[in-house]
Amino acid sequence: MYGLWKPRVLGAWRVPATGPVILAVNHAHNIDGPMLMGTAPRPVHFLIKKEAFIGPLDPFLLSIGQLKVDRETTDRAAVTDALGVLQSGGVLGIFPEGSRGEGDFASLRSGLAYFAVRTGAPIVPVAVLGSTDRRGRLISALPPLRSRIDVVFGDAFEAGDGSGRRTRRAMDDATLRIQKRLTAHLDNARRLTGRRAGLE
């Protein structure tokens, strides 16, 4: 990532140095996940759609600890793998919006709340900004080479209410709390980097 672009990483010290943690990342471009993996202070295990595990990418992604998930169904194997990462004190990366979109945390799926409440792992919000600024000349699907991309880490927080409940209501409440924190972090990251909404 550092060889192809010019990442500016802010707040990496906010990621706990040890123990389980979930990095909740906005997702506006396909480069956002690899950019986080290349700049995070700890190795990150992402839940990645199974369609990405094709050809030589399959053994490569598996070898660097990425987790294959079937988004068309409740993939129990992927859930078990993700819980295993956290239970062993690792870092789980999640796109809480489920798939690439505006990258504004406007619609969150419940998976993030489930992993956070189930394991008690703190969530660190991450904003990747600049990946959708312009298209590259050589490869239009990627940002221009050597362009600046900001990766901004926020303060860690707990998703649960402290009760330990895992009912549907508890998960819905946790998802709302998470969405507020992620949206606030994204707004702060935009101010901090001087980037405006829609012009990352």
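Below, all heavy atoms of this structure are taken into account, side chains as well, without hydrogens, waters or symmetry copies. Residue numbers count from 1 along this sequence.
- Applying the side chain to side chain donor-acceptor pair (under 3.5 Å) rule to pairs touching residues 7-17 yields R8-D150, R14-D155, sequence neighbours excluded.
- With a 4.5 Å cut-off on side-chain heavy atoms, F115 and V79 count as touching.
- By the 4.5 Å heavy-atom criterion applied to side chains, V69 and I48 are not counted as neighbours.
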Check: residues 80-95 side-chain donor-acceptor pairs under 3.5 Å, at least two apart:
residue : atom : partner : partner atom : Å
T80     : OG1  : R76     : O            : 2.9
S88     : OG   : G84     : O            : 3.0
S88     : OG   : V85     : O            : 3.0

Criterion side chain to side chain contact (heavy atoms under 4.5 Å, CB included) on R42 and V21, from CA distance to verdict: CA-CA 10 Å; R42 294 174 60 187; V21 63; 3.8 Å; yes

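- Within the 4.5 Å cutoff, side-chain heavy atoms of M37 are placed close to those of Q66.
- For the atom pair K180 NZ and F157 CZ, the distance stands at 12.0 Å (nearest 0.5 Å).
- Under the 4.5 Å side-chain heavy-atom criterion for grouping Ile, Leu, Val, Met, Phe, Trp and Tyr, L62 is connected to F46 within one hydrophobic cluster.
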Using atom types as modelled, flag every donor-acceptor pair under 3.5 Å from a side chain in residues 121-130 to any protein atom, sequence neighbours excluded.
none

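- Contact annotation: the side chain of I178 never approaches that of P96 to less than 4.5 Å [non-hydrogen atoms, C-beta and beyond].
- No side-chain heavy atom of V151 sits less than 4.5 Å from a side-chain heavy atom of L10.
- Inter-residue side-chain proximity for I149 and K6 is flagged as unmet; no heavy-atom pair is nearer than 4.5 Å.
- N188 has its side chain out of reach of V152: every pair of non-hydrogen atoms, C-beta onward, lies at least 4.5 Å apart.
- Residues V44 and F60 share a single hydrophobic cluster, defined by chaining ILVMFWY side chains whose heavy atoms lie under 4.5 Å apart.
- Partners of K50 under the salt bridge (Lys or Arg N to Asp or Glu O under 4.0 Å) rule, at least two apart in sequence or in another chain, are D70.
- The side-chain contact (heavy atoms from CB on, under 4.5 Å) search around D187 returns T183, R190, R191, not counting sequence neighbours.
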Residues I64, H45; criterion side chain to side chain contact (heavy atoms under 4.5 Å, CB included); working and verdict: CA-CA 8 Å; I64 61 172; H45 304 269; over 6 Å; no

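- With values rounded to the nearest 0.5 angstrom, T175 atom OG1 is found 13.0 Å from Y114 atom OH.
- Listed here is the closest heavy atom pair of P41 and F153: CD-CZ, 4.1 Å.
- Neither V25 nor L192 shares a network with the other; the hydrophobic side chains, linked directly or stepwise wherever heavy atoms of I, L, V, M, F, W or Y lie under 4.5 Å apart, form separate groups for each.
- Looking at residues two or more places apart in sequence or on another chain, you find a side-chain contact (heavy atoms from CB on, under 4.5 Å) between R177 and D161, D173, A174.
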